[in-house]
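Because only heavy atoms are used, hydrogens play no part in the values below, and waters and symmetry mates are left out as well, while side chains stay in. Order of the sequence lines fixes the chain letters, A, B, ..., with proteins taken first and strands second; residue numbering starts at 1 for each chain.
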Amino acid sequence: MIKALFRKQFAELISQFNRRGGAKGKRRSTSSVATFLLLFALVFVSLGVSFFVFFKQILGAFDESNYEIYYMIVGLIATAIGLMGSVFNAYSTIYEAKDNEMLLSMPIPPSRILFVRVTALSAMTLLYESAVLLPAFIAFCMGARVSVAGLVTAFFLVIPLTLLVVALTVGIAFVVAAIARRVKNKRAITLVASVLLVVLFYVLYFRAQNAAMALVELGTVPSAIRYGLFFFYQMGTASTGSAFGMGVVLLTGILAYALAYFLLSKYFLRFVTQRRTVSAKGKVGVVKVGGRRQALFKRDWRLYSSSPNYIMNTSFGVIFSVVIGVVAIVQSKALLDARAMLTEALPHLSGTGFAAVIAIFTCVMNDITAPSISMEGKRLWVIRSLPVPAAEVFCAKIALHLVVSLPGTLFETIAISVIFGAADVVGAILAVVAVVAFTLFTACFGLCMNVRRPVLDWRDETMAVKTGFSVFISIFGIMMLSFVLMGLYFVAALVFPDWVYLAVLIVAIFFADYGMLHWLRTKGVARFDKLG
Amino acid sequence: MLEIWNLTKSYGDKKAVDDLSFTVNAGELCAFIGHNGAGKTTTLKCVVGILGFEGGSIRVDGVSVVDDPIEVKRRVAYVPDNPDLYDFMTGMQYLNFIADVFGVSEEDRRARIDKYGEALTLTPEEIGASISTYSHGMKQKLALISAFLHDPKLIILDEPFVGLDPKASHVLKETMREFCREGGAILFSTHILEVAEKLCDKVAIIKGGRLVTYGSMDEVKGDSSLEDVFLDMEDPHD
């Protein structure tokens, strides 16, 4: 029975990658799956390389007397990444899994269903953590004097760390589920909880980076941190051979996991089967007349704004752009000092081009159109059966992307332009135009990719938003492009003033936008009309 | 009103619909019957323009679904067998959306929502509630209201009686008859042969993607029941 449940779980995971949702779950070709996996591996490796560089850099500050600090930092970062990756999954895959009722109606003990789900969650958490742990481990092996026993110990510390992260993940999901049971608007709660978690994560992450560097410089661990982060400090000592540390870490991980599992098994059935009965009684609806295009936009807006998954996974850039804009204003003096340093090396730099490339970089994290066709899912028949040209459907989705993304990125662009390039009015205007053009570019690119490869056969919105070729290519491709554009800017600033770079950029992007819009109007429409 | 000529639709090597031809005229209520996997839903989706097809032609009110699908969709309403609706909307928001797409005036939409809402026992409060709180039957009712909302010429229904309570089923039958009396046409698939027998003017029976029989109800069933006719057509080895 356990084997059957694991097979089902594995099949569910695999089907996300090897089935094309648009053709009634038609299997992808082997080459297509291989390409997808290769791209996935590339992203994983890129992440790993950046962590490797970071860990190699800090390792140099340690020696045999204080390697525990290194592993403490590794443990903290791995925990943060593991939590970030898993916490959104835990709630939806344990409490909100669509096949919960079906499985519970069969002669399967709930404890076994839970066991399989939590094991799958643990495996995913380990995968996220390994993006940090593997490079840290490799950097350590390459840069430090290690013993075999030490290496083996450090390697096995992964297990209690994963147990702890899963316990925390399950605990947070438990709290969210407990609150969601009592409130009418579950989506609002999930959205608020998600935003709070993300904000908390990034605040802690950036503080942790600063704290890590401070620790590196200090060379020892202050007692406040030793006791405040007891588990992670002991993990550090365990990795250098401390039996006490190993005992503490193992015991903590096992106890935390056991407690989380106990809570889960006690309340799982209740949460899943005794849902708050929400009666289908609302206020009397109002008849409101609007135009067709307005109706299409409102439809996409309502879909977006009602889905925490959709918002959180496609609109990080909005938060970042506003934060960067505010930081630019608040820390303007520091930025002007940095600008003074930059203009020594790049005499033509006025800063407006810099404002544009920074805003372009935050655009990467806004990929609202990339899953927009996938989000139609099994409801696609509605729009396909209506007298609505596909081109208008596309327009509404692009409009949503622009409406959500532009305010933040424009604020950021103008803030940095004013501070960095106050005298360059022409440059500032061109920076704004460039950012608008690029935002349109990201909207069109994501939509083109999703029209080509939609994932329609999903049971959980997370699949539509997070998985699929289009989302992957959209984020990865635009990220690479933004790096290239940033690199080109700094090269161009050696020779040309910013306005030249911006003018060329605008022309190039508008050409690309025109090309993609043309594709959408012709081949895109033809593809959309075949979906069903 | 609806003319299907030599319709052929394949999924890979499998012919789901093979050289299918029949018509439904204005004022007619036609039942579309067949075993599971016979090709009924495929045919209906081809008529509505959701699925493309390789051979034949489909015309609604003289307009080809291939040449002008938008114009065809303006004249047609479709309700699938398991209507997944926009659960991020309330019932009223959904109806307003449909009405906006078809350009239904405020007066007309108010009158039709009230009329069909009352007939199908979906109260104003229920229509005002989020679709995510609806049962299957309520979604079915809302989808039916949305179908009648824009006064189409042809209504395509895939298993419309599934999930409806007896009163709503009765009301739907009455509404379908009234719609056809006023000049509209309805093509619907069903497994409930007694309903088809009592309600419909015409019946088309499909098997393995091919039309087995088609004509007026009296012509097709003769002195026996529709159920007997249908079962006689089923090969015991299928």
Side-chain angles (χ1 to χ4, degrees), chain A residues 23-24 26 184-187 275-307 310 375-393 456 461 525-532, chain B residues 11-12 45-46 48-52 69-80 82-107 109-110 113-114 122-135 138 143 146 150 156:
Chain A
K24 279 201 166 192
K26 195 170 139 189
K184 226 174 168 180
N185 197 341
K186 256 201 255 190
R187 286 176 182 265
R275 291 176 186 279
R276 186 180 186 277
T277 311
V278 183
S279 70
K281 291 259 186 260
K283 291 186 207 166
V284 174
V286 175
V287 169
K288 270 188 203 168
V289 179
R292 190 170 71 214
R293 287 175 192 262
Q294 191 187 13
L296 289 170
F297 178 80
K298 265 202 253 182
R299 183 189 77 116
D300 279 309
W301 170 256
R302 283 188 177 124
L303 170 60
Y304 171 78
S305 60
S306 69
S307 171
Y310 197 0
M375 286 296 281
E376 299 283 350
K378 291 191 169 78
R379 304 170 292 214
L380 182 66
W381 71 269
V382 178
I383 203 70
R384 291 274 293 112
S385 66
L386 295 176
V388 173
E392 287 185 17
V393 175
L456 297 168
E461 263 178 8
V525 160
R527 275 184 180 254
F528 184 79
D529 285 343
K530 287 196 173 100
L531 295 175
Chain B
Y11 293 111
K45 284 186 171 179
C46 290
V48 178
I50 292 177
L51 283 180
I70 299 292
E71 196 51 45
V72 165
K73 289 172 187 179
R74 281 206 182 96
R75 295 151 199 255
V76 174
Y78 170 62
V79 179
N82 197 8
D84 281 293
L85 303 177
Y86 296 144
D87 55 5
F88 50 89
M89 288 187 182
T90 63
M92 184 56 85
Q93 286 171 346
Y94 180 74
L95 294 174
N96 275 326
F97 168 71
I98 299 292
D100 283 345
V101 166
F102 283 94
V104 180
S105 70
E106 183 175 345
E107 198 185 326
R109 65 176 78 179
R110 207 185 288 278
I113 290 171
D114 287 344
L122 210 55
T123 66
E125 289 78 18
E126 284 168 340
I127 292 176
S130 171
I131 295 174
S132 62
T133 61
Y134 282 17
S135 64
M138 290 168 78
S146 74
H150 56 93
I156 306 290

Legend entry - Sidechain-backbone polar pair: B/R109 side chain, A/K288 backbone, donor-acceptor under 3.5 Å: yes
Legend entry - Spacing of CG belonging to B/N82 relative to NZ belonging to A/K378, to within rounding of 0.5 Å: 9.5 Å
Legend entry - A/P387 side chain reached by B/V101 side chain, heavy atoms, under 4.5 Å: yes
Legend entry - Flag side-chain contact, heavy atom, 4.5 Å: B/K73 against A/L386: no
Inset, instruction - Output the option from B/E106, B/Q93, B/H150 having the highest count of non-hydrogen pairs under 4.5 Å with chain A. - result: B/Q93
Inset, instruction - Just give me the residue among B/P83, B/G52, B/P80 that pairs up with chain A most often, heavy atom to heavy atom, under 4.5 Å. - result: B/P80
Legend entry - B/Y86 and A/R299: CA distance, side-chain angles, deciding distance, side chain to side chain donor-acceptor pair (under 3.5 Å) verdict: CA-CA 9 Å; B/Y86 296 144; A/R299 183 189 77 116; 2.7 Å; yes
Inset, instruction - Would you indicate whether A/R293, at its atom CZ, is surrounded by more than 12 heavy atoms from other residues, nucleotides or ligands within a distance under 6.0 Å? - result: no
Inset, instruction - Heavy-atom distances under 4.5 Å only: say whether B/I98 touches chain A with side chain, backbone, both or neither. - result: side chain
Inset, instruction - Quick one: pull up CZ in B/F97 and CZ in A/R292 and give me the separation to the nearest 0.5 Å. - result: 10.5 Å
Legend entry - Per-residue contact mode, A/E376 against chain B (heavy atom under 4.5 angstrom): side chain
Inset, instruction - Please confirm whether the backbone N or O of A/A295 pairs with a side-chain atom of B/N96, one donor and one acceptor, at under 3.5 Å? - result: no
Legend entry - pair A/R379-B/F88: side-chain heavy atoms closer than 4.5 Å: yes
Inset, instruction - Any chance you could lay out the side-chain contact (heavy atoms from CB on, under 4.5 Å) test for A/W381 and B/V48, step after step, and finish with the verdict? - result: CA-CA 10 Å; A/W381 71 269; B/V48 178; over 6 Å; no
Inset, instruction - Quick one: pull up CG in A/L531 and CG in B/L51 and give me the separation to the nearest 0.5 Å. - result: 10.5 Å
Legend entry - Region of A/L380 in contact with chain B, defined by heavy-atom distances below 4.5 Å: neither
Inset, instruction - Please confirm whether the backbone N or O of B/I50 pairs with a side-chain atom of A/R384, one donor and one acceptor, at under 3.5 Å? - result: yes
Legend entry - For the student: nearest non-hydrogen atoms of A/V382 and B/D84, plus distance: CG2-O, 4.0 Å
